[in-house]
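To keep things clear, I will list the structure first and then write my remarks on it.
Below, chain A is the first sequence line, B the second, and so on; all start at residue 1.
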2 protein chains.
Amino acid sequence: MTRVLVIDDEPQIVRALVINLKARKYEVDAAHDGATALQLAAARHPDVVVLDLGLPDLDGVDVIKGLRGWTRVPIIVLSARHTSDEKVEALDAGADDYVTKPFGMDELLARLRAAVRRAEPTGADEDEVAVETDEFTVDLAAKKVNRAGRDVRLTPTEWHLLEVLVRNSGRLVSQKQLLQEVWGPSYGTETNYLRVYMAQLRRKLESDPSHPKHFVTEPGMGYRFER
Amino acid sequence: MTRVLVIDDEPQIVRALVINLKARKYEVDAAHDGATALQLAAARHPDVVVLDLGLPDLDGVDVIKGLRGWTRVPIIVLSARHTSDEKVEALDAGADDYVTKPFGMDELLARLRAAVRRAEPTGADEDEVAVETDEFTVDLAAKKVNRAGRDVRLTPTEWHLLEVLVRNSGRLVSQKQLLQEVWGPSYGTETNYLRVYMAQLRRKLESDPSHPKHFVTEPGMGYRFER
DNA sequence: CCGGCGCGTCAGGGTTCCGTCAAAGGCGTC
DNA sequence: GACGCCTTTGACGGAACCCTGACGCGCCGG
């Protein structure tokens with residue numbers, strides 16, 4: 001059964017969604033603030049998330065980023081804001097769709113079906129939450145890196161970079177893709193950023209930073225994380 | 001480079017889209033009716049499709065179905081119709097997103113980025129991701145070549161050349177086509193480049209580089225990859 | 001028999017790309 | 001306002017890569 005996580009602070013909207021979804025044989029969890037939402041998502045692993053941007057505790061975009069840190073679950077954003085900027089920001093943060101309130105229930109359900117459908121065949125959203133190497137462990141959900149029993153402190157940018165590499169474990173990630181995912185879609189040529197932060201990651205995580213085993217450089221193409 | 005197929009019968013909309021997309025380094029094809037659209041999609045394998053529903057020849061939904069018959073390429077629908085029914089129908093037919101006209105260019109571009117982003121890591125718009133021979137394995141998604149259990153390091157040019165040959169596995173690829181795909185459209189006669197890099201590929205991948213089994217020369221014509 | 005052509009091989013030199021270090025700029029906290 | 005942390009930027013040596021020219025070989029036609 002498809003599991004949906006609904007995040008909204010307005011009870012009547014939550015109720016309407018829950019009723020409609022349950023009637024269509026979805027399994028539904030609901031949260032009314034960002035913190036419980038992130039917690040619920042980690043615990044329940046929903047197949048799709050419906051997220052209202054106007055939450056009491058966290059900014060909606062931060063919720064998106066929090067989710068995108070460790071999962072590719074489809075996120076459909078609900079919002080009362082019609083401005084283009086809001087939409088662009090949410091979509092670039094990692095949302096899959098953006099629906100403005102008031103919305104038609106039929107349309108939302110159709111968008112939800114579309115989101116679930118295209119997520120399906122990739123198979124396991126259960127792409128591990130923790131990745132281990134012989135030297136350190138990366139916990140994507142908890143946003144923690146452990147090395148020799150001690151937690152390693154990473155800056156936000158370091159963590160974001162690590163995240164992208166680990167999520168594509170084994171695959172080559174092009175410099176452009178790294179730049180755009182970490183620094184934003186308007187970046188793509190500032191390869192010096194990559195050099196600096198890759199050096200910092202290696203210094204913090206590799207046992208011999210000048211001869212990296214896990215963060216491999218492919219000259220002229222990009223970087224690759226090997227466990 | 002990301003390839004976009006724009007389908008719309010209104011010239012001014014097509015022009016606006018093409019200009020904006022090209023300015024952002026997308027490669028753009030355009031069609032003004034459904035028949036040529038389907039043809040172009042098959043020939044060019046776009047990474048994302050922008051489709052206007054009001055076409056002169058075919059119904060928009062039929063175009064969606066025609067595409068969905070053989071590809072999972074993201075489809076973003078443009079339409080002047082605001083009714084819920086239209087949206088539901090298009091989305092359930094296989095569209096990924098639905099934008100009503102008039103639309104904000106920023107928003108459309110953001111939705112386009114979102115569509116491309118989530119389609120990316122699954123890798124294969126192509127059928128096969130990994131190609132095996134008796135001596136080595138080419139993983140097109142991870143950009144990895146494995147031979148006798150060990151990863152083979154390829155330079156960007158070597159990899160690019162290998163990619164073109166493997167994607168045309170079994171077929172003869174002309175020297176001109178190889179040169180243009182790897183070195184750019186303005187090349188076509190510099191066959192010495194091919195000789196050098198083909199030699200390097202064979203040295204790295206063939207068990208007997210001077211008697212190649214997989215990278216076959218067709219004198220005067222081009223090269224062929226045989227698995 | 002010999003010259004031309006296409007292909008494979010090799011090695012050098014110019015250029016690009018990467019790792020490293022250091023310092024300046026931005027931002028929030030105390 | 002001073003401090004600390006993080007990000008951005010610039011500079012430099014060294015490595016990796018790409019282009020280039022030269023040479024040898026086999027094939028074919030003159």
Side-chain angles (χ1 to χ4, degrees), chain A residues 59 62 143 145 151-165 172-184 186-225, chain B residues 143 145 151-165 172-176 178-184 186-224:
Chain A
D59 184 46
D62 291 333
K143 285 200 186 311
V145 183
D151 281 349
V152 182
R153 262 188 56 84
L154 295 183
T155 71
T157 310
E158 285 164 8
W159 172 260
H160 204 341
L161 182 60
L162 175 65
E163 206 174 305
V164 176
L165 287 168
L172 171 69
V173 188
S174 74
Q175 344 190 67
K176 191 168 140 201
Q177 189 184 340
L178 284 170
L179 283 166
Q180 294 193 340
E181 291 229 29
V182 177
W183 279 270
S186 62
Y187 292 76
T189 57
E190 294 80 352
T191 58
N192 44 332
Y193 294 10
L194 289 180
R195 292 207 292 280
V196 172
Y197 278 92
M198 202 58 67
Q200 285 172 3
L201 273 185
R202 297 207 253 237
R203 198 174 320 129
K204 289 185 178 179
L205 298 179
E206 294 270 4
S207 59
D208 182 358
S210 56
H211 300 93
K213 282 166 53 186
H214 302 103
F215 300 95
V216 187
T217 303
E218 302 280 359
M221 307 207 284
Y223 293 86
R224 184 198 309 278
F225 171 77
Chain B
K143 287 207 191 320
V145 182
D151 285 344
V152 182
R153 279 190 56 93
L154 295 184
T155 71
T157 312
E158 285 164 9
W159 173 260
H160 206 342
L161 183 59
L162 175 64
E163 206 176 347
V164 176
L165 287 169
L172 170 68
V173 188
S174 75
Q175 331 189 71
K176 191 167 152 197
L178 283 171
L179 282 165
Q180 293 192 342
E181 291 235 28
V182 177
W183 278 269
S186 61
Y187 292 76
T189 57
E190 295 80 351
T191 58
N192 45 331
Y193 294 9
L194 289 180
R195 290 206 292 281
V196 172
Y197 278 93
M198 204 56 69
Q200 283 173 1
L201 272 185
R202 298 208 252 237
R203 195 174 326 130
K204 289 185 178 179
L205 298 180
E206 293 271 6
S207 60
D208 182 359
S210 53
H211 300 93
K213 283 167 53 186
H214 303 103
F215 299 96
V216 188
T217 304
E218 303 278 359
M221 315 261 308
Y223 294 86
R224 180 199 311 278

Rounded interatomic separation in angstrom, taking [atom1] from [X] and [atom2] from [N]:
X         : N       : atom1 : atom2 : value
Tyr193(B) : dC17(D) : OH    : C1'   : 14 Å
Arg195(B) : dA22(D) : CZ    : P     : 14 Å
Glu158(A) : dT8(D)  : CD    : P     : 12 Å
Leu161(B) : dC19(D) : CG    : P     : 12 Å
Glu190(B) : dG21(D) : CD    : C1'   : 15 Å
Asp208(B) : dG8(C)  : CG    : C1'   : 13 Å
Arg153(B) : dC17(C) : CZ    : P     : 15 Å
Leu194(A) : dT20(C) : CG    : P     : 14 Å

Out of [options], whichever nucleotide has its closest atom nearest the side chain of [X]:
X         : options                  : answer
Val196(B) : dT20(D), dT7(D), dC18(D) : dT20(D)
Thr157(B) : dC18(D), dG8(C), dC17(D) : dC18(D)
Pro156(A) : dC17(D), dC6(D), dT9(C)  : dC6(D)

On a heavy-atom basis, which atom in [X] and which in [Y] lie closest, and how many Å separate them?
X         : Y         : value
Lys204(A) : Leu154(A) : CD-CD2, 3.7 Å
Pro209(A) : Pro212(A) : O-CD, 3.7 Å
Arg153(B) : Thr217(A) : NH1-O, 3.4 Å
Val145(B) : Trp159(B) : CG2-CZ3, 3.4 Å
Arg202(A) : Tyr223(A) : NH2-CE2, 4.0 Å

Within the structure shown, what part of the strands sits under 4.0 Å from [X] by heavy-atom distance: base, sugar-phosphate, or nothing?
X         : result
Phe215(A) : nothing
Arg203(A) : nothing
Ser210(A) : sugar-phosphate

Using OP1 and OP2 only, check whether a side-chain N or O of [X] sits under 4.0 Å from [N].
X         : N       : value
Tyr223(B) : dG8(C)  : yes
Gln175(A) : dC18(C) : yes
Trp183(A) : dT8(D)  : yes
Thr217(A) : dG19(C) : yes
Tyr197(A) : dT7(D)  : yes
Thr155(A) : dC5(D)  : no

